[in-house]
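Positions are given from 1 along the sequence.
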Amino acid sequence: MCFSLKKIHSLRFKLIISLMVVALFIGLISVLVGGNLLYRSVIAEANNRIQQDLNVARLIFDDRINNIRLSLKIAAFVSDHNNESFSTDSLSVSRVAKEQLDQLKLDFTGITDAGGRVLYRYGSNGSEKMPVLTRNPLVLRALESQQDVAGVIVLEPEQLQAEDLQTLSTTDNGTSYFDKASLLMGAAVPVFTGGKLSGVVYGGMLLNKNTGIVDKIGETVFKNETYKGRNVGTATIFHKDLRISTSVKNSSGNRAVGTLASPEVTQHVLNEGKKWGDRAKVLDDWYITAYEPITDISGNRVGMLYVGVLEAKYSDLRKNAIAVFAGITIAGVACAIVLGWMFTGRIMRPVTNLIRASAEIAKGNFSPKIGAISKDDIGLLQKEFLIMTEALKEREKRQKVESEIQLIQSENQASVGKLAAGVAHEINNPLTAVLTFTHLILRRDDLADEVRSDLETVASQTERVRKIVKSLLDFSRQTAIAPEPTNINRLIEDSVGLMRNQALLKDVDLLFIKKKELPALTLDRNQCQSVLINLIINALDATPPGGKIEILTQETDLKEDRGLEIIIADTGSGISPDHMDKLFDPFFTTKEVGKGTGLGLAVTAGIIERHGGTIKVRSKPGAGTTFVIWLPHQMNSGFSNGGIDYESKA
């Protein structure tokens with residue numbers, strides 16, 4: 001297939017290449033991740049299964065020991081039932097006991113008297129020997145405890161020779177174990193005559209080169225399953241780290257008796273006494289294995305029991321899965337190319353229209369033509385595009401209106417500020433003169449009482465006008481702040497101390513709930529104290545006798561800036577919802593004429609905003625009002641617009 005240079009660089013071609021790359025990438029990830037997850041899950045399942053198989057193998061191993069114990073117990077019971085006790089002063093033993101021991105077909109059996117002398121010992125060749133003191137750990141433990149004893153023991157070469165087991169302790173290639181200690185399983189059962197210990201019947205089997213147990217495990221657990229000519233499951237009995245009985249085959253096809261376990265497994269299982277469950281190399285093949293220690297009748301770790309399954313079976317499963325994933329990936333890439341070529345032309349048409357419409361919007365045309373609405377996902381995109389254009393229209397209109405309102409408000413505030421500053425300056429000097437001369441006249445002693453009363457009224461009202469003028473000046477000039485590190489708790493305590501007497505006179509509880517170890521804030525201490533005193537005065541005015549005003553502080557975050565909140569809450573009459581949006585307007589007040597200028601909260605809001613903070617109001621008529629002031633840890637001029645938030649509940 002040939003492509004011109006123009007087609008190669010076309011968006012359609014790029015889209016097809018992108019689909020192919022995405023499909024290839026996803027396929028590759030699927031092959032790697034999927035194959036690995038599959039292999040891990042299979043291996044995990046195999047590990048769980050092999051642990052269960054090890055439990056079954058242990059049951060088979062313990063069951064063989066228990067069978068030996070039960071067989072010897074039956075022999076002892078039959079002998080005692082026939083009233084044929086052991087003779088401790090002769091070489092004669094009961095005929096019944098001898099017949100019972102002959103039928104057990106164990107590698108070694110014997111009878112001792114109560115003193116531990118071996119009266120009869122039957123080895124693999126059935127020979128009998130003269131009485132000697134036994135050194136068999138099973139017999140010694142049974143004589144000591146006068147109870148049945150069963151389990152695993154280790155016999156040294158001379159003990160093996162005493163039990164006539166040297167002919168059994170050779171490997172297939174003729175190598176002798178007789179010069180080493182060997183592992184055995186067996187039992188010893190005490191025999192009582194007339195309630196008195198008269199002897200011990202004992203016996204067992206040599207585990208070296210004994211294939212019965214490992215073959216039983218292979219038959220029971222693994223069903224003798226094979227894979228590529230090899231047994232899937234294997235079992236082994238170790239004496240220490242030496243394989244003495246195994247179904248593992250070496251390269252010659254013979255059982256790998258006489259080979260050693262890996263040092264890592266030996267350290268983990270034998271030395272540390274822990275179970276092993278992991279992949280391990282057994283001779284030339286990797287197996288998923290499980291090991292656990294074998295302990296003798298004294299609790300000493302003397303060997304290991306092993307089961308394992310061939311890992312190659314699961315590795316091949318992983319390879320097959322990866323091959324399947326790879327085939328699916330290649331097929332997916334091919335389909336991506338074909339389908340991409342077929343559908344990109346149709347897909348790109350409405351997209352091109354949207355691109356053209358976007359260019360129109362950039363030029364200021366918010367009613368571009370985008371063509372017919374598709375019935376697929378592109379149609380949803382086209383509908384959302386139309387919604388976006390309508391939203392842009394509305395936002396442009398809203399921004400225009402808001403800009404106009406903001407401009408008008410700014411101009412009004414500037415005009416009000418200039419007017420307030422001019423009026424304040426013009427009135428302040430005459431007021432000072434009037435107040436001064438009034439006080440001078442009041443010092444005279446020849447004034448009539450009626451005149452003095454009128455002059456005092458003039459003085460008080462003139463003082464009130466001065467306060468109004470001062471408020472006008474504060475509002476108009478927005479005094480520059482002088483920030484310094486300030487302990488906010490101490491500032492609030494000082495402010496509360498100034499207002500405490502006034503609160504006591506009105507019978508209102510004024511409480512400051514202080515939070516310890518607050519960080520210092522950078523702020524203008526005097527202006528912020530004015531804010532606190534103004535809000536406390538307003539709260540006192542709104543709170544009836546018996547009410548309560550609480551002030552508390554807490555650290556918080558606002559707009560990703562760390563800061564601190566000052567909360568002033570009263571139990572007063574609350575604020576009407578109709579007044580909430582006018583609360584911080586200049587000259588707005590709900591107090592009686594002569595008791596408020598309407599500038600206190602406006603000045604307060606201005607101070608907070610110049611500190612880069614915010615002030616919120618929450619109120620419910622009849623249930624009190626809460627002012628929340630937020631101040632940043634460090635003043636940020638970029639946040640100088642601050643904010644005012646209202647929350648009213650009817």
S453 side, atom OG; L447 side, atom CG - distance, nearest 0.5 Å: 11.5 Å

Specify the closest pair of heavy atoms between Q51 and W276, including all atoms of both residues, with the distance to one decimal. NE2-O, 3.8 Å

Check side chain to side chain donor-acceptor pair (under 3.5 Å) between R452 and all other residues, then give those that pass, not counting sequence neighbours. none

Just jot down the side-chain contact (heavy atoms from CB on, under 4.5 Å) partners of N487, sequence neighbours excluded, or say none. N489, R490

Just to verify, what does D494 make a salt bridge (charged side-chain N to carboxylate O under 4.0 Å, His left out) with, not counting sequence neighbours? R525

Taking E292 first and then K274, would you say they form a salt bridge - that is, a charged N and a carboxylate O separated by under 4.0 Å? no

Tell me, please, which residues at least two apart from E394 pass salt bridge (charged side-chain N to carboxylate O under 4.0 Å, His left out). none

Kindly compute the distance separating CG (N534) from OG1 (T604), expressed to the nearest 0.5 Å. 4.0 Å

Flag if over 12 foreign heavy atoms under 6.0 Å of CD, E264: no

For G612 versus P632, what's the shortest heavy-atom pair and its separation? O-CD, 3.7 Å

L532 CG to Q527 CD distance, which is reported to the nearest 0.5 Å: 12.5 Å

Flag the pair D524 / P483 as yes when at least one side-chain heavy-atom distance between them is below 4.5 Å, and no otherwise. no

If you define the side chain from C-beta out and look only at heavy atoms, does anything of T486 sit under 4.5 Å from L491? yes

Check: I608 and L631 side chains under 4.5 Å, non-hydrogen atoms: yes

When you measure from the side chain of R618 to the backbone N and O of T625, does any donor-acceptor pair fall under 3.5 Å? no

Answer yes or no: is there a side-chain heavy-atom contact under 4.5 Å between L518 and E555? yes

Side chain to side chain contact (heavy atoms under 4.5 Å, CB included) between F627 and I615, intermediate numbers included: CA-CA 7 Å; F627 283 84; I615 183 167; 4.0 Å; yes

Test salt bridge (charged side-chain N to carboxylate O under 4.0 Å, His left out) applied to K506 - qualifying residues, sequence neighbours left out: none

Quick one: are K275 and H268 in side-chain contact, heavy atoms under 4.5 Å? no

Would you say D445 has more than 12 foreign heavy atoms packed within less than 6.0 Å of its CG? no

Hey, mind stepping through I488 and L523 against side chain to side chain contact (heavy atoms under 4.5 Å, CB included) and telling me if it holds? CA-CA 9 Å; I488 197 68; L523 47 81; 4.2 Å; yes

Interatomic distance, L564 atom CG to W630 atom CH2 [nearest 0.5 angstrom]: 10.0 Å

With a 4.5 Å heavy-atom cut-off, do I629 and L535 have their side chains touching? yes

May I have the list of side-chain donor-acceptor pairs in residues 543-554 shorter than 3.5 Å, sequence neighbours left out?
residue	atom	partner	partner atom	Å
T543	OG1	A539	O	2.6
K548	NZ	E550	OE2	3.3
Q554	NE2	E565	OE1	2.8

Measuring from L504:CG to D509:CG, what's the distance to the nearest 0.5 Å? 8.5 Å

Minimum side-chain heavy-atom gap I607-R610 below 4.5 Å: yes

Look up atom NZ in K616 and atom CD1 in I567, then write down how far apart they are to the nearest 0.5 Å. 10.0 Å

